[in-house]
Colleague: 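Got a structure for you, written out below as structure tokens; questions coming shortly.
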Number of protein chains: 2
Amino acid sequence: MAGGLPLTRHAAGNRSSRPGTTQAASRWKALRMTEPRGRRELIVATAAQMFARKGIRSTTVREIADAVGVLSGSLYHYFSSKDEIVLEILTGFLDVIAARYRDVLAREQDAAQTLRAIVLASLQVARERPDATAIYQNELRYLRETPLYKEVQVAAGEVQRTWLGVIERGVADGSFRSDISPRVFHRLIRDAVWLSGRGQHPDAGYSTERLADAITSIFLDGFSARPRAGGAAPA
Amino acid sequence: MAGGLPLTRHAAGNRSSRPGTTQAASRWKALRMTEPRGRRELIVATAAQMFARKGIRSTTVREIADAVGVLSGSLYHYFSSKDEIVLEILTGFLDVIAARYRDVLAREQDAAQTLRAIVLASLQVARERPDATAIYQNELRYLRETPLYKEVQVAAGEVQRTWLGVIERGVADGSFRSDISPRVFHRLIRDAVWLSGRGQHPDAGYSTERLADAITSIFLDGFSARPRAGGAAPA
DNA sequence: GTCTATATTGAGATAGAC
DNA sequence: GTCTATCTCAATATAGAC
């Protein structure tokens, strides 16, 4: 923390200027599935990327502004605070998850199939929105300190109830073990799923589908080598 | 044995004064297994508690000093920076883990038994040192920004090699599945173990041993309800 | 809608008296 | 070994010109 950088604040020269076509904007075009449309969305997307990489607290509004290609004061034309940007990132994220889960539940499969589908849907969202995923996993502590947290909690509630619901259903109908608390199982599989993108390495060679299968298989069948219910013995 | 430590002066306000018996000190006596001995250790323990609860960045040196019962300048008699306190917390933590793992390996059990023992040892450390555990899980991003990170990484290396070693051994001798990457399995079970203390609720009614059994059983046998290798059918 | 310039606050760290 | 007092820097946010 003693570090004094010999910083020159923002050499006004290196911005080349037209907002819509900055480096930041074209980066998104190349890398992300959903390309930010307007300046406001570009701010959100850029901030999400930086929050995910460096943490919310360590990312300054000036850095966000630099990356977007404007000066920091201009951000306040779109958002009234840094936290408001955070809120927009997370509610967008949670809304997407909740919607996917609703689709899954609408299929009315059995508990095991539903669980597998929830795992897959979660991993897909994690892949599509890696920044928001990382922020949500890593910055809960920051979030709790902000007044906006309540709004996030509401959105998170539905998500949690979906997981717990399918687990309890499986226990009730006899397809899942009843000697282990559904809450404990929920915590384990939920963390496994959401943290599996941590460290950005998508596990060389593990597609989203294959990872979903691996996770579901471990959690339902176990890692011990012995004949398994559904099918073939281990290769 | 926190009896009589030297007196301090200083009346400034609400602190009642003898360092050894401040609120902070007696809190430790009540709650923790290892009671801080000297002032230096009290600083470390207090800081750990606050870092765990509020995050490193949000905890100011002034807050730490207040909780200990001194003024902020005095901390710099013991540590030359805030990060040095963080480093002491984490290397102490990792050294304890590495030592426990060495004990486990010395027993020369089979892979499944060793894995179970590592899970249990980890949960015990997590229970004994919840603050350091939380810090290590939640503040990796902060750590990476600090020059001290390299030292932490070295200590973490041995820990990781222990996990991976036992998993690979089980795969090699045929007791674990070979159709799932050991690295993937390692990540899943490691996160499950270290995060299981998250949220401070020790899972009402789940002792450390019972939780270790639950985790090991889920990861080895699976959550599906069907006759399991080792014994009785689910209740 | 963006910039320039700056107010304001808060943090880590230091110097030197006691 | 602790306190008092203060330095220095960095960060969020604002005001108002263009």
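In what follows, chains carry the letters A, B, and so on, assigned in the order in which the sequence lines appear, proteins first and then strands, with residues in each chain numbered from 1. Note that these values count all heavy atoms, side chains included, but never hydrogens, waters or copies made by symmetry.
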Colleague: Grab the CZ-P distance between A:Phe79 and C:dT2 for me, whole Å please.
Modeller: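 In whole Å, C:dT2 P lies 12 Å from A:Phe79 CZ.
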Colleague: Would you call the rings of A:Trp163 and A:His186 parallel, tilted or perpendicular, taking 30° and 60° as the class edges?
Modeller: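 Judged by the thresholds at 30° and 60°, the geometry between A:Trp163 and A:His186 is tilted.
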Colleague: Find the distance B:Ile64:CD1 to C:dA11:P and express it as a whole number of Å.
Modeller: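 So the two atoms are 12 Å apart, to the nearest Å.
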Colleague: Whole angstrom is fine here: how far is it from CE in A:Met50 over to P in D:dA11?
Modeller: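 About 12 Å, once rounded to whole Å.
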Colleague: Would you say the side chains of B:Ser122 and B:Arg190 form a donor-acceptor pair under 3.5 Å?
Modeller: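 No donor-acceptor contact under 3.5 Å links the two side chains.
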Colleague: Tell me every residue that passes ring-ring contact (aromatic ring centres under 6.0 Å, His included) with A:Phe51, counting only those two or more places apart in sequence or in another chain.
Modeller: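 Result, ring-ring contact (aromatic ring centres under 6.0 Å, His included) vs A:Phe51: none returned.
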Colleague: Whether B:Ser74 contacts D:dG1 is assessed here as follows: a side-chain N or O lying under 4.0 Å from the phosphate OP1 or OP2. Is that the case?
Modeller: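 For D:dG1, OP1/OP2 do not have a side-chain N/O of B:Ser74 under 4.0 Å.
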Colleague: Charged N to carboxylate O below 4.0 Å: is that the case for B:Asp213 and B:Arg116?
Modeller: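 Looking at B:Arg116 together with B:Asp213, the answer is yes, because their closest N to O distance falls below 4.0 Å.
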Colleague: Verify, without hydrogens or angle tests, whether A:Lys54 (side chain) and B:Glu145 (backbone) share a donor-acceptor contact under 3.5 angstrom.
Modeller: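 Absent.
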Colleague: Give the rounded distance in Å between these two atoms: CD1 of B:Ile85 and C1' of C:dG12.
Modeller: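 To the nearest whole Å, that distance equals 11 Å.
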Colleague: Tell me: CG of B:Leu75 to P of C:dA15, nearest whole Å?
Modeller: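 Spelled out: CG on B:Leu75 to P on C:dA15 is 17 Å.
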Colleague: For nucleotides 12-18 of chain D, print each protein N/O atom paired with a nucleotide N/O atom at under 3.5 Å, atom names and distance only.
Modeller:
| unit_1 | atom_1 | unit_2 | atom_2 | d |
| --- | --- | --- | --- | --- |
| D:dT12 | OP1 | A:Val61 | N | 3.4 |
| D:dT12 | OP1 | A:Lys82 | NZ | 3.1 |
| D:dT12 | OP2 | A:Val61 | N | 3.0 |
| D:dT12 | O4 | A:Arg62 | NH2 | 3.4 |
| D:dA13 | OP2 | A:Tyr76 | OH | 2.9 |
| D:dA13 | OP2 | A:Lys82 | N | 3.1 |

Colleague: Give me the atom names and distance for the closest heavy-atom approach of A:Asp83 to A:Thr146.
Modeller: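 Taking A:Asp83 first and A:Thr146 second, the nearest heavy atoms are OD2-OG1, 2.8 Å.
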Colleague: Figure out the CG/P separation between B:Leu42 and D:dT2, and round it to whole Å.
Modeller: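 Nearest whole value for this atom pair: 10 Å.
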Colleague: May I ask you to verify if any side-chain N or O of B:His77 is less than 4.0 angstrom from the OP1 or OP2 atom of D:dT2?
Modeller: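 No, B:His77 has no side-chain N/O under 4.0 Å of OP1/OP2 on D:dT2.
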